[in-house]
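Read the structure below first, then the notes.
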Amino acid sequence: QVQLVESGGGLVQAGGSLRLSCALSGHIDSINVMGWYRQVPGKQRELVAELTRGGAANYVDSVKGRFTIPRDNAKNTIYLQMNSLKPEDAGVYYCKAVLPGWLNGKPSTYDFWGQGTQVTVSS
């Protein structure tokens with residue numbers, strides 16, 4: 001059973017920082033991608049940052065230069081370091097892991113999501 005457990009959300013003033021954590025547990029042979037998504041009421045969940053197996057990091061333009069996505073491979077954990085937070089960064093942040101697998105005898109991938117953690121930024 002693969003599980004993602006997130007932590008670290010909360011309330012912060014604009015200009016402040018928060019660090020989210022996402023720990024992946026279970027039977028894991030490898031991880032294709034891990035990333036962070038954000039959802040606000042009335043909108044679709046959107047990608048904020050992701051980290052590939054090779055270590056490449058991708059960020060949505062609105063967070064470039066302010067957010068980073070470090071990882072601890074030994075703990076199968078990624079983080080989202082959020083600096084210089086803005087009110088528009090607020091939302092529920094979800095961690096996602098894409099793992100390789102097999103489906104009907106063919107290589108496939110499986111998506112796993114965390115439960116979400118609320119980030120609130122006051123102006």
Side-chain angles (χ1 to χ4, degrees):
Q1 185 86 8
V2 175
Q3 284 189 319
L4 291 167
V5 179
E6 301 149 349
S7 61
L11 172 65
V12 64
Q13 285 190 331
S17 298
L18 275 177
R19 190 174 85 153
L20 308 182
S21 299
C22 173
L24 178 63
S25 64
H27 181 70
I28 303 161
D29 291 323
S30 64
I31 303 169
N32 286 357
V33 180
M34 287 188 75
W36 291 95
Y37 287 68
R38 174 176 62 218
Q39 189 166 25
V40 297
K43 292 190 176 182
Q44 286 191 333
R45 198 172 294 186
E46 64 170 356
L47 175 66
V48 175
E50 65 179 6
L51 192 62
T52 68
R53 180 165 50 189
N58 301 304
Y59 302 93
V60 67
D61 286 346
S62 62
V63 308
K64 286 179 180 177
R66 300 187 296 121
F67 291 12
T68 58
I69 185 168
R71 69 181 175 183
D72 184 334
N73 288 334
K75 298 180 179 179
N76 282 334
T77 298
I78 62 167
Y79 306 91
L80 187 66
Q81 179 65 45
M82 303 184 291
N83 300 326
S84 302
L85 280 160
K86 304 175 181 179
E88 53 263 41
D89 295 322
V92 179
Y93 282 71
Y94 295 89
C95 179
K96 175 184 175 182
V98 181
L99 306 186
W102 295 87
L103 181 63
N104 298 327
K106 297 180 181 179
S108 184
T109 60
Y110 294 87
D111 294 350
F112 296 89
W113 291 90
Q115 78 282 4
T117 185
Q118 178 72 48
V119 172
T120 304
V121 184
S122 62
S123 56

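Along the sequence shown, residues carry numbers from 1.
A salt bridge does not link K86 with D89: none of the charged nitrogens is closer than 4.0 Å to a carboxylate oxygen.
At a cut-off of 3.5 Å, with distance as the only test, no side-chain donor of D72 or T77 sits close to an acceptor on the other residue.
Here the straight-line distance linking atom CG of L80 with atom CG of L51 works out to 11.0 Å at 0.5 Å rounding. In this structure, CH2 on W36 lies 8.0 Å from CE on M82, to the nearest 0.5 angstrom. Within the model, atoms CG of N83 and OG1 of T68 stand 6.5 Å from one another, a figure rounded to the nearest 0.5 Å. From I28, atom CD1 reaches atom CD of Q3 across 10.5 Å, with rounding to the nearest 0.5 Å. Summarising the geometry, atom CE belonging to M34 is positioned 5.5 Å from atom CG belonging to L4; distances are rounded to the nearest 0.5 Å. Between the OG atom of S25 and the CG atom of N76 there is a distance of 9.0 Å, given to the nearest 0.5 Å.
In the hydrophobic clustering of ILVMFWY residues, with side-chain heavy atoms under 4.5 Å counting as a link, I78 and V92 come out apart.
Checked by atom type and distance alone, the side chain of T117 pairs as donor or acceptor with a backbone atom of G9 at under 3.5 Å. With hydrogens and angles disregarded, no donor-acceptor distance shorter than 3.5 Å links the side chain of E6 to the backbone of C22.
Closest non-hydrogen pair, N32 versus L99, comes out as ND2-C, 4.3 Å. Between A14 and S123 the shortest heavy-atom distance is CB-CA, 4.3 Å. Closest approach of G54 and R71 over heavy atoms only: C-NH2, 4.4 Å. The two residues V33 and E50 come nearest to each other via the heavy atoms CG1-OE1, 3.7 Å. For the residue pair G35 and I69, the shortest heavy atom distance occurs at CA-CD1, 4.2 Å.
Every residue meeting the ring-ring contact (aromatic ring centres under 6.0 Å, His included) condition with Y37, not counting sequence neighbours, appears here in chain and number order: W113. E46 is linked by a salt bridge (Lys or Arg N to Asp or Glu O under 4.0 Å) to R38, counting only residues two or more places apart in sequence or in another chain.
Under the 4.5 Å side-chain criterion, counting only non-hydrogen atoms from C-beta, E88 is not in contact with S62. The shortest distance between side-chain heavy atoms of L18 and L85 falls below 4.5 Å. L103 has its side chain within reach of Y110: a pair of non-hydrogen atoms, C-beta onward, lies under 4.5 Å apart. In this structure, V2 and L24 have side chains that are in contact, with non-hydrogen atoms separated by less than 4.5 Å.
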Trace of the side-chain contact (heavy atoms from CB on, under 4.5 Å) decision for V60 with L47
CA-CA 7 Å; V60 67; L47 175 66; over 6 Å; no
List the steps, then state whether side-chain contact (heavy atoms from CB on, under 4.5 Å) holds for V121 with L11.
CA-CA 6 Å; V121 184; L11 172 65; over 6 Å; no
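Sorted by first and then second residue, the ring pair (Phe, Tyr, Trp, His ring centres under 6.0 Å) pairs with a member in residues 58-109 form an empty list; sequence neighbours excluded.
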